[in-house]
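So the structure is just underneath, and the comments pick up after that.
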Amino acid sequence: MADKWKHTALLVIDMQNDFVLEDGLMRVNGGKAIVPNVIRTVEIARQRGILVVWVVREHDYLGRDVELFRRHLYSRDKGGPTTKGSFGAELVDGLVIKEGDYKLVKTRFSAFFATHLHCFLQSNGVTNLVVVGVQTPNCIRQTVFDAVAHNYQSVTVIVDATAAATPDVHDGLQEIRALS
């Protein structure tokens, strides 16, 4: 059965404290509600022998590697969201990187932008992707668009294991996907 899944990877995107917890610096309102579904998806992926890739944001304390429109969130006194080594950059409780998983650090919406993700996936024979995490209109959507541009055979978003700031934004994107 594992052979059936050897060309598939699960991308778990931005399931970090700063995006999910109530007091997170960049909290996505729907993030906490999907944690059980993300945990279950990771469990199923591991059972099937699917490569699990943890895609996380980790930024310089001063925000020198963050998008220009977010630089104001960082300072010498307090750092900022998902600063490398901070509590906010850690995965939420219940999600753990295990042996055989892979951690990829990104600094932009897409997991493919300015990272080695495509090369890593290719070298592991991955042709199909499953995507979960936050936030639907930004990191999820941009990663999916880039995966399609890189010619992955199948790119699947698990809708009840992804979230946006509001249900309307999340649902609106589902409707767009259904029309395409």
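Keep in mind that this is a model prediction, so the values were computed, not measured.
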Checklist entry - Is there side-chain contact between Tyr74 and Thr83, with at least one heavy-atom pair below 4.5 Å? => result yes

Item to check | Residue pair Val42 / Trp54, side-chain heavy-atom distance below 4.5 Å | outcome: yes

Checklist outcome for this item: Shortest non-hydrogen pair, Asp93 vs Val35, comes out as O-CG1, 4.1 Å

Checklist entry - Would you call Thr82 and Val56 a side-chain contact if the rule is heavy atoms closer than 4.5 Å? => result no

Checklist entry - Going through the distances and angles, do Val130 and Ile50 end up as a side-chain contact (heavy atoms from CB on, under 4.5 Å)? => result CA-CA 10 Å; Val130 177; Ile50 293 172; 5.7 Å; no

Checklist entry - Is any side-chain heavy atom of Lys103 less than 4.5 Å from a side-chain heavy atom of Val105? => result yes

Item to check | Heavy-atom closest pair, residues Asn17 and Val92 | outcome: OD1-CA, 3.4 Å

Checklist entry - Quick one: CZ on Phe87 to CG on Leu25, what's the gap to the nearest 0.5 Å? => result 10.5 Å

Checklist entry - With a 4.5 Å limit on heavy-atom distance, are the side chains of Val55 and Thr143 in contact? => result no

Checklist entry - If you group Ile, Leu, Val, Met, Phe, Trp and Tyr by side-chain heavy-atom gaps below 4.5 Å, do Val144 and Phe120 land in one group? => result yes

Next on the checklist: Taking Leu62's backbone N and O only, do any of them form a donor-acceptor pair with Arg76's side chain (distance below 3.5 Å, no angle check)?
Outcome noted: no

Item to check | Shortest non-hydrogen contact from Val12 toward Met15 | outcome: CG1-CG, 3.8 Å

Item to check | Gap between atom NZ of Lys4 and atom CZ of Arg48 - 0.5 Å precision | outcome: 7.0 Å

Next on the checklist: What I'd like to find out is whether the side chain of Met26 reaches to under 4.5 Å of the side chain of Leu73, using heavy atoms alone.
Outcome noted: yes

Checklist entry - If only atom types and distance count, is the side chain of Asn37 paired as donor or acceptor with the main-chain N or O of Ile34 below 3.5 Å? => result no

Checklist entry - With distance as the sole test, does Arg27 use its side chain to make a donor-acceptor pair with the main-chain N or O of Val20 at under 3.5 Å? => result no

Item to check | Ile97 to Leu91 - nearest heavy-atom pair and separation | outcome: CG1-CD1, 3.7 Å

Next on the checklist: Quick check for you: to the nearest 0.5 Å, what is the distance between Leu10 atom CG and Thr156 atom OG1?
Outcome noted: 10.5 Å

Checklist entry - Rounded to the nearest 0.5 Å, what separation is found between the CG atom of Asn138 and the OG atom of Ser110? => result 11.5 Å

Checklist entry - Linking I/L/V/M/F/W/Y whenever their side-chain heavy atoms sit closer than 4.5 Å, directly or via other members, would Val148 and Leu117 fall into one cluster? => result yes

Item to check | Value rounded to 0.5 Å, distance of CG in Asp65 from CD in Glu58 | outcome: 10.0 Å

Checklist entry - Can you hop from Val134 to Val52 via hydrophobic side chains spaced under 4.5 Å? => result yes

Next on the checklist: Please check: side-chain N/O of Arg57 versus main-chain N/O of Asp14, any donor-acceptor pairing under 3.5 Å?
Outcome noted: no

Next on the checklist: For Val53, is there any backbone N or O sitting under 3.5 Å from a side-chain donor or acceptor partner on Tyr102?
Outcome noted: no

Checklist entry - Aromatic ring centroids of His118 and Tyr152 under 6.0 Å? => result yes

Next on the checklist: Does Glu43 form a salt bridge (Lys or Arg N to Asp or Glu O under 4.0 Å) with Arg46? I'd like the steps, not just the answer.
Outcome noted: CA-CA 5 Å; Glu43 289 171 353; Arg46 287 184 176 137; over 6 Å; no

Item to check | Evaluation steps, side-chain contact (heavy atoms from CB on, under 4.5 Å), between His116 and Leu104 | outcome: CA-CA 8 Å; His116 60 276; Leu104 178 94; 3.6 Å; yes

Item to check | Shortest non-hydrogen contact from His59 toward Thr107 | outcome: CE1-O, 3.5 Å

Checklist entry - Roughly how far, to the nearest 0.5 Å, is OG1 of Thr8 from CG of Asn124? => result 12.5 Å

Checklist entry - Counting heavy atoms not belonging to Asp60, are there more than 12 under 6.0 Å from its CG? => result yes

Item to check | Side-chain donor or acceptor of Gln16 paired with backbone N/O of Ala89 under 3.5 Å | outcome: yes

Item to check | For the student: nearest non-hydrogen atoms of Ala111 and Lys106, plus distance | outcome: CA-CD, 3.8 Å

Next on the checklist: Is any side-chain heavy atom of Phe112 closer than 4.5 Å to one of Leu121?
Outcome noted: yes

Checklist entry - Are there more than 12 heavy atoms of other residues, nucleotides or ligands under 6.0 Å from atom NZ of Lys78? => result yes

